[in-house]
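Worksheet: the structure to be examined is printed underneath.
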Number of protein chains: 2
Amino acid sequence: MKNNLEILKRCGVRPTPQRIAVVKYIFESKGHPDADTILENVRKTCPTISRATVYNTLNLLVAKGLLQTQILKGRTVIFDPNTQKHHHFVDDATGKVFDIPWDTLKVSQNKTLQGFQVRDYQVIMRGRRES
Amino acid sequence: MKNNLEILKRCGVRPTPQRIAVVKYIFESKGHPDADTILENVRKTCPTISRATVYNTLNLLVAKGLLQTQILKGRTVIFDPNTQKHHHFVDDATGKVFDIPWDTLKVSQNKTLQGFQVRDYQVIMRGRRES
DNA sequence: AATAAATATTGACAATGTTAAAAATAGGAT
DNA sequence: ATCCTATTTTTAACATTGTCAATATTTATT
């Protein structure tokens with residue numbers, strides 16, 4: 001496990017206790033938490049942290065490229081510490097999000113997409129998670 | 001252009017003026033409007049319609065399978081009158097959403113997806129719309 | 001017309017996120 | 001160490017998007 005403090009320093013963000021706590025939770029939970037889940041959990045170790053600070057920190061981390069955002073369940077933003085290319089699977093029953101490795105799927109073009117310059121893409125799958 | 005009134009009758013929904021106005025806007029605009037855009041535009045011909053009625057109608061149409069919802073730009077739900085399988089392209093600059101015909105792309109599996117029973121999937125592309 | 005059922009409206013509420021202003025904190029110069 | 005400044009955090013208000021319950025209205029049935 002890499003030092004969370006280092007992560008912040010390396011991208012030129014002052015490593016305040018609040019920020020360290022947020023980073024620690026996100027990078028150690030390895031899930032796809034939304035802002036409220038992050039707030040709740042970070043408050044266990046840093047009880048005074050405010051809603052606004054959590055949002056500020058998350059948006060900062062996104063701007064620095066340490067997190068990606070996704071909207072996959074309902075209308076709430078989730079924060080994804082996996083910044084490598086990957087696809088997603090959303091469980092119908094629970095809404096839980098799973099990362100699908102990039103090389104699991106291959107997307108090929110049958111017909112040319114005239115007039116569209118694709119910068120990025122992903123496959124979003126939905127269904128039942130078994131077992 | 002199919003009769004909007006018929007659309008409602010055929011799926012057993014009483015065709016009130018409000019519902020007709022909503023259906024008319026969505027199926028004739030052929031875009032991917034969000035609820036507020038729909039509300040604004042429907043009010044041009046049906047000025048008394050309320051926010052709640054628009055939402056009620058939209059949710060009803062979704063339940064009847066006449067519309068699909070997508071969340072592709074920001075956190076707002078858009079309503080898509082195209083209920084056939086298709087992919088989406090989102091323009092980075094404008095946020096405008098384009099339908100991509102299903103057979104334009106082919107998604108194949110390199111590795112088996114153990115433990116995931118896929119009910120549905122789509123490719124979401126982002127980039128620049130040219131010309 | 002009288003009644004019952006379905007629908008529309010209003011206004012309050014909830015969830016998620018942003019913002020501005022004040023308070024707290026840290027870093028640097030002296 | 002102390003003061004000054006810039007950054008960060010907090011608080012509280014606000015914005016957006018959507019839902020809900022109560023009331024009013026319209027429609028259908030008799």
Side-chain angles (χ1 to χ4, degrees), chain A residues 4-5 7-9 11-26 32-43 45-64 66-80 95 97, chain B residues 4-5 7-9 11-26 32-43 45-64 66-80 95 97:
Chain A
N4 299 312
L5 200 146
I7 293 175
L8 288 170
K9 277 202 220 161
C11 64
V13 175
R14 192 193 286 173
T16 66
Q18 289 88 343
R19 286 174 177 164
I20 292 171
V22 169
V23 166
K24 182 174 163 59
Y25 175 71
I26 294 182
H32 299 78
D34 59 29
D36 250 31
T37 304
I38 295 165
L39 178 60
E40 274 177 38
N41 282 279
V42 167
R43 275 191 169 156
T45 62
C46 183
T48 70
I49 197 171
S50 71
R51 183 179 204 67
T53 296
V54 169
Y55 276 104
N56 285 343
T57 302
L58 291 171
N59 290 337
L60 192 58
L61 296 176
V62 170
K64 295 291 181 182
L66 273 71
L67 294 178
Q68 281 181 357
T69 58
Q70 297 282 340
I71 303 184
L72 298 173
K73 35 175 172 176
R75 313 179 297 112
T76 86
V77 176
I78 62 176
F79 295 87
D80 190 343
V97 174
Chain B
N4 299 312
L5 200 146
I7 293 176
L8 287 170
K9 276 202 219 159
C11 64
V13 175
R14 191 193 290 171
T16 67
Q18 291 87 343
R19 286 174 176 165
I20 292 172
V22 170
V23 166
K24 181 174 164 61
Y25 175 72
I26 294 183
H32 298 79
D34 59 29
D36 250 31
T37 303
I38 295 165
L39 178 61
E40 274 176 38
N41 282 280
V42 167
R43 276 193 169 155
T45 62
C46 184
T48 71
I49 198 171
S50 71
R51 183 181 204 65
T53 296
V54 170
Y55 275 103
N56 285 344
T57 302
L58 291 171
N59 291 337
L60 191 58
L61 296 176
V62 169
K64 293 292 182 182
L66 273 71
L67 295 179
Q68 280 181 355
T69 58
Q70 296 282 339
I71 303 184
L72 298 173
K73 35 175 172 179
R75 314 180 299 111
T76 84
V77 175
I78 62 176
F79 295 86
D80 191 343
V97 174

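Values in this document were obtained by computation on a predicted structure and should not be read as measured data. Note on naming: letters A, B, ... go to the chains in the order of the sequence lines (proteins, then strands), and numbering restarts at 1 for each one.
At least one side-chain heavy atom of A:Arg19 sits under 4.5 Å from a side-chain heavy atom of A:Leu60. Looking only at side-chain heavy atoms (C-beta outward), B:Ile49 and B:Val22 come within less than 4.5 Å of each other.
When the nucleotides C:dT9, D:dT11, C:dG17 are ranked by their closest atom to the side chain of A:Val77, C:dG17 comes out on top. Side-chain proximity of A:Asp36 to C:dT9, C:dT16, D:dT10: nearest is C:dT16. Minimum atom distance to the side chain of A:Arg19 is reached by D:dT8, of the listed D:dT8, C:dA8, D:dA12. Considering only the side chain of A:Asn59, C:dT18 comes nearest among D:dT11, C:dT18, D:dC20. Comparing C:dT9, C:dT16, D:dT17 against the side chain of B:Tyr55 picks out D:dT17 as the nearest.
A close approach under 4.0 Å does occur between a side-chain nitrogen or oxygen of B:Thr48 and OP1 or OP2 of C:dT9.
Atom pair A:Leu60:CG and D:dT7:C1' shows a separation of 12 Å (rounding to whole Å applied). Atom pair A:Gln18:CD and C:dA23:C1' shows a separation of 13 Å (rounding to whole Å applied). The distance from atom CD1 of B:Ile78 to atom C1' of D:dG18 is 16 Å, rounded to the nearest whole Å. Atom CD1 in A:Ile49 sits about 6 Å away from atom P in D:dT10, given to the nearest Å. B:Asp34 places its CG atom 12 Å from the C1' atom of D:dG18, with the value rounded to the nearest Å. Atom CZ in A:Arg51 sits roughly 12 Å away from atom C1' in C:dA14 (whole-Å rounding). Distance CG (B:Leu58) to P (D:dG18): 9 Å, rounded to an integer number of Å. Between the NZ atom of B:Lys73 and the C1' atom of D:dT17 there is a distance of 14 Å, given to the nearest Å.
Contacts of B:Thr53 with the nucleic acid, taken as non-hydrogen atoms under 4.0 Å apart, include base atoms.
Residue whose closest nucleotide on DNA chain D sits further toward the 5' end, between B:Ala35 and B:Arg14: B:Ala35. Toward the 5′ end of DNA chain C lies the nearest nucleotide of B:Thr16, the other residue of the pair B:Arg75 and B:Thr16 mapping further downstream.
Here A:Lys24 contributes atom NZ and A:Leu8 contributes atom CG; the two are 13.0 Å apart, rounded to the nearest 0.5 Å. For the atom pair A:Ile26 CD1 and A:Leu67 CG, the distance stands at 4.5 Å (nearest 0.5 Å).
Remark: the B:Asn56 side chain and the B:Thr53 side chain contain no N/O donor-acceptor pair separated by less than 3.5 Å.
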